[in-house]
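The structure under discussion appears below in the form of structure tokens.
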Amino acid sequence: MIQLFTRDIGLAVRSGGGFGLALIFFLIVVVLIPFALGPDQSALALVAPGVLWLGALLACLLSLDRIFGLDYEDGSLDLLATSPLPLESVYIAKAAAHWLTTGLPLALAAPLLGILLNLSFESGKVLCFSLLLGTPALSLIGAFGASLTLGVKRGGLLLSLLVLPLYVPTLIFGAQAVHSASLGQTFDVPLVLILAISLGAAAILPFASGVALRVNLR
Amino acid sequence: MIQLFTRDIGLAVRSGGGFGLALIFFLIVVVLIPFALGPDQSALALVAPGVLWLGALLACLLSLDRIFGLDYEDGSLDLLATSPLPLESVYIAKAAAHWLTTGLPLALAAPLLGILLNLSFESGKVLCFSLLLGTPALSLIGAFGASLTLGVKRGGLLLSLLVLPLYVPTLIFGAQAVHSASLGQTFDVPLVLILAISLGAAAILPFASGVALRVNLR
Amino acid sequence: MNSTSTSKRLWDAFWQLANPKVFMGWSGRWLPWLVGLTVLFLASGLIWGFFFTPDDMRQGSTVKIIYLHVPAALMAINGYLLMFVGSLVWLIRRQHVSVLAAKAAAPVGMTMTLIALGTGAIWGQPMWGTYWVWDPRLTSFLILFLFYAGYIALWAAIDDDDTAADLTSILALVGLVFALLSRYAVLFWNQGLHQGTTVTFVDGAKQENISNVFFQPLLLSMVGFGLLFLTLLLIGTRSELRARRLKVLEARERMQ
Amino acid sequence: MLKVSNLSVARGGVSLLQDVTFEVQAGQALVLRGPNGIGKTSLLRCISGLQTPTSGEISAPESVAYAAHADGLKGQLSVLENLKFWADIYGGRGPEAALLAYDLEDLAQRPTANLSAGQKRRLGLARMLVTGCALWVMDEPTVSLDVQNVTKFRTVLQAHLQAGGGAVLTTHIDLELSVESLDLTGYIATAQSPSSAFEEALE
Amino acid sequence: MLKVSNLSVARGGVSLLQDVTFEVQAGQALVLRGPNGIGKTSLLRCISGLQTPTSGEISAPESVAYAAHADGLKGQLSVLENLKFWADIYGGRGPEAALLAYDLEDLAQRPTANLSAGQKRRLGLARMLVTGCALWVMDEPTVSLDVQNVTKFRTVLQAHLQAGGGAVLTTHIDLELSVESLDLTGYIATAQSPSSAFEEALE
Amino acid sequence: MIPDLGKYAVEVIGAYGMSFLALVLVCFVYIRRSRSVKRALIAAEAGKDA
Ligand code: HEM
Ligand SMILES: Nc1ncnc2c1ncn2[C@@H]1O[C@H](COP(=O)(O)OP(=O)(O)OP(=O)(O)O)[C@@H](O)[C@H]1O
Ligand SMILES: Nc1ncnc2c1ncn2[C@@H]1O[C@H](COP(=O)(O)OP(=O)(O)OP(=O)(O)O)[C@@H](O)[C@H]1O
Ligand SMILES: [Mg+2]
Ligand SMILES: [Mg+2]
């Protein structure tokens, strides 16, 4: 499991799809927002928490279909399935690698990018914290969706369709936490709820994904 | 060329990635916006033009790496390159198929989705019009980016990185046109500029992409 | 003693339905009656509601929309629950009939969701002055629509039937958990304009919030929508079973 | 080591083989033969646990080393890294012996994407050695190999058998191995046999 | 039909072959032989125009039919649709004759993803027939084919040659074709030969 | 015939029209699929016996 995790991270870094790219995508979304919405500073500060969360979500989403897709196409997944490693562990290793290369850098960079959108540093800290708690859920749910759409070619959009409604609660609580913080209100309830979603996803989804992978390889 | 175009559309429809899915992704982005930004109607109307354009752009973006990617991986692109069809035509056919399955349905659905974000029907019409003129540019530029990142595995994010800055002018003029319309101002200048971008892209990019494809296959 | 054995016999008889042959026979026999009942209830409920109810003092004639809106909303939710149960039974007991019923339920459920959304939107314009607000109940329905769309799209995207059955069932299971979570999240996020539930059944009796004039045709119409759902469900499941049989025959053809 | 009894195999809802029965003991190899599309690959997938047979019994070791038509190698990783990865996953032997056996030392640092078809296949075969599994299940292992490398494969396989391993393989060309072979043409399923209980119930 | 003179071939910056010279006339076929990794695939890619040689001349017809290691078939399309697509692209003959030649009529409506390895390969070979090109460039065409289908391939190739076509192919097994063959081991590039003018200038 | 719907006639009739359209459409789709599958199955079973 550890080996698979490190291999996946190695592959991500090696093929130029590592830590940097998710970040840069995030940056670009943040940069495009003022173009799309107009440059008014106070308006930007108002939308900043939501936009940053949405950007993180989309950055995750863009890289989902590669979680299992590449291994499926070149036959590695068949071989992994016949190896002593259970498919549940394969799922966990891959979701973890995805989080480390996507969610973690996004969470760490978010407070800095928040400055571009006129977000206060205090809110930025809450943003970072909420992303740290929430992006594991995004990776776990996303990898689950990827395991469902494995056999479908051009499954990218289907994957988005399946996964996005599942992302709704995480997004709501995440944006809510930062929003409350930026208004000076308490924000611990949404944070706890995000954590609960991440933990719940980690508890249930490995089994669901294991079954889905086995079915898809059949 | 026509054959390649119809084959690609057939493949998109057959694999469940046809007209419907880009639409549904667009719908989902529109649905997520209020979760991220809060449910206030008047605030939503303000951001609606920009957000709808951004949504269309992201819906395009998600399907870009499949434009050439699938054909590259299974070896069809090698075979197409040795066929009498010039690679420029391959590019045009693929960009056209991408537009027909992504851009066109998005443009037609945008006024309806605008309602969800409290956009007036008049502005919706302008939105539809600006998307009709602008999405060809998105598909053309996107397919160009895809031809550049062909050989890169997990190139999805790299592709986004390359393409997003190229999308900026289209996005600015597109959002501008709808924004002006929603404020009751004239909007013909940005529309003409979008048209110019689309035409310019159609004139120049086939050659650039042809070269890029040839280099990538070498 | 006796009662347990009766319930056990009933239980066994119920599982007999999972046999495609038994199901085809049973559903074929009941379908004509069901169609008749559906037409009866739906027509009487809607005609009564549309023609023979007074206008509400605040809402004017728009109150008549309730005879479509509420039953459709009800069936949209029940459809999802049915899909969930069908999927669960498939995953546990590998009964094809149940998963095919879930498959057949999805498009009807999605249509019901669309009707609830559409009539709600049309109702919203005169009542709230806008077609759409991000009210929790409305939002939940939009998410429900997405769940239906995803479920149907996943069925459509996978060639092999048993694979598709397994994967869509997993999706339905995980989806329900997240649908409930979304409902909670949405309530947390926004309070909203939509009325609370006024049609409640407490000990079989209705509460006083809604007057009998409106309530009786509404009840008929709700039963009608339910029957319509059931009819379409049976027709759809029968088609799916036949389609499976057709595939088997074609496969056999291929071998010769 | 491997015992297959009365196995029926289907793929995509079509019955392919029925009543396949054979046994592979430690030190033995079995070559499955049969024309294209008869169901060799499907049978091997059943044996390695990827697919469930429609009926019959398979008793195989907990973990087997399966080599499919596709090699499952990562183009961006070097030859050595690919081998190391699989060695780690199986917790098996180190990659040195495997590199040596297929003469891959010179290529060890090359990215796998830049190998020729035959070099990739050799790497795919070397993978079997690092798994440390006793039973090898191989689908046309010698595709794209030149004559010299086929000889190499034969030597490796024989060493594996001598060490008490077993193997099931398919091939269309003559490998000049002195092992038993089983012609699957005798086991083709008849059109009547339904491929699942559900289909039976539909009749 | 095809004339290759003094060709030097490199791949990934490494010189592989040098001074390769041969000619294929209408009605002739040439089998290229050589161990794994010598540069057969690279040479064929040069001939079909995918790669540029470092030096030397190739005179080949405008459009050639190239069959690579990978088949380039679309899994979601049926066998017939795949053939039709390539027939349209090349503006060549209809797919009926090709289906007949490789006995694919029964599979015509099957999605290509559900074919076995040998069936896919047969479809890949049938593709050559619909191109209508005179020169066939084939990289290990008989991989995964059973004995019967190899015979079929031989018949088709001979008919193609008789009709005035030409072919260059590589193989590791004996195809029992009575055509000329060229062993590439004689043309291995010496370490000295630079793989491009730029490298030469660096000397 | 049609009751007096006051100033909301368009809304009410629109809602009923839209709902009927949707209901008729699903019914139509379900019945058509049922017919076509049934026909194809009968044809296939006849072919099997022959
Ligand atoms: C697109 C928008 C709408 C959606 C998705 C929607 C959804 C629902 C749902 C799910 C129910 C059933 C709730 C239950 O029985 O507990 C319901 C009931 C109801 N809705 Fe809506 N609704 C929408 C718009 C509206 C509008 C605009 C009005 C009118 C102002 C309205 C009035 C009602 C009424 C009166 C009920 C019955 C409540 C009761 O007595 O239980 N709805 N709606
Ligand atoms: N994924 C699939 N779905 C449905 N049918 C399939 C699938 N894969 C293969 N088949 C069919 O099952 C049959 C057996 O295929 P299999 O791959 O087992 O054959 P094989 O004996 O390995 O042939 P080959 O020698 O060509 O590799 C073939 O007729 C094939 O068309
Ligand atoms: N994409 C590539 N980049 C760099 N080097 C490569 C690449 N592909 C192949 N090579 C190297 O070039 C040499 C020749 O490869 P080529 O594929 O032409 O061999 P081949 O004769 O076709 O071998 P085989 O019989 O195994 O198919 C090999 O040593 C290989 O490692
Ligand atoms: Mg096979
Ligand atoms: Mg080669």
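Chain naming here is simple, since letters A, B, ... match the order of the sequence lines and numbering starts at 1 in each. Everything quoted here is computed from the prediction, not taken from an experiment.
Proximity to chain C (any heavy atom under 4.5 Å) is shown, for A:V163, by neither the backbone nor the side chain. C:L181 touches chain A through backbone and side chain together, each having a heavy atom under 4.5 Å away. At a 4.5 Å heavy-atom cutoff, the contact between A:L148 and chain C is made by backbone and side-chain atoms alike. For A:L164, no part sits under 4.5 Å from any heavy atom of chain C, backbone or side chain.
Atom CD1 of residue A:I172 and atom OH of residue C:Y184 lie 11.5 Å apart, to the nearest 0.5 angstrom. Here the CG atom belonging to A:N216 is positioned 6.0 Å from the CD1 atom belonging to C:I158, to the nearest 0.5 angstrom.
The closest side-chain heavy-atom distance from C:F188 to A:P190 is below 4.5 Å.
By number of non-hydrogen pairs under 4.5 angstrom with chain A, the leading residue of C:G150, C:S169, C:A149 is C:G150. Interface check for chain C: of the options A:V168, A:L171, A:L166, A:V211, the most heavy-atom pairs under 4.5 Å are formed by A:L166.
Looking at every heavy atom in both residues, C:A153 comes nearest to A:L161 through CB-CD2, 3.9 Å. Nearest approach of A:A208 to C:V174, heavy atoms of both residues: CB-CG2, 4.0 Å. Nearest heavy atom pair, residue A:L158 against residue C:A157, reads CD2-CB, 3.6 Å. Contact record, A:P169 with C:A185: CA-CB, 3.9 Å, taken as the closest heavy-atom pair.
Partners of A:S180 according to the side-chain hydrogen bond (donor to acceptor under 3.5 Å, both in side chains) rule, which considers only residues two or more places apart in sequence or in another chain, do not exist here.
Annotation: A:Y72, atom OH; neighbour count of heavy atoms from other residues, nucleotides and ligands within 6.0 Å is above 12. Applying the 6.0 Å contact sphere to CZ of C:F84 captures more than 12 heavy atoms from other residues, nucleotides or ligands.
C:D166 has a carboxylate O that lies under 4.0 Å from a charged side-chain N of A:R218, or vice versa, which qualifies the two as a salt bridge.
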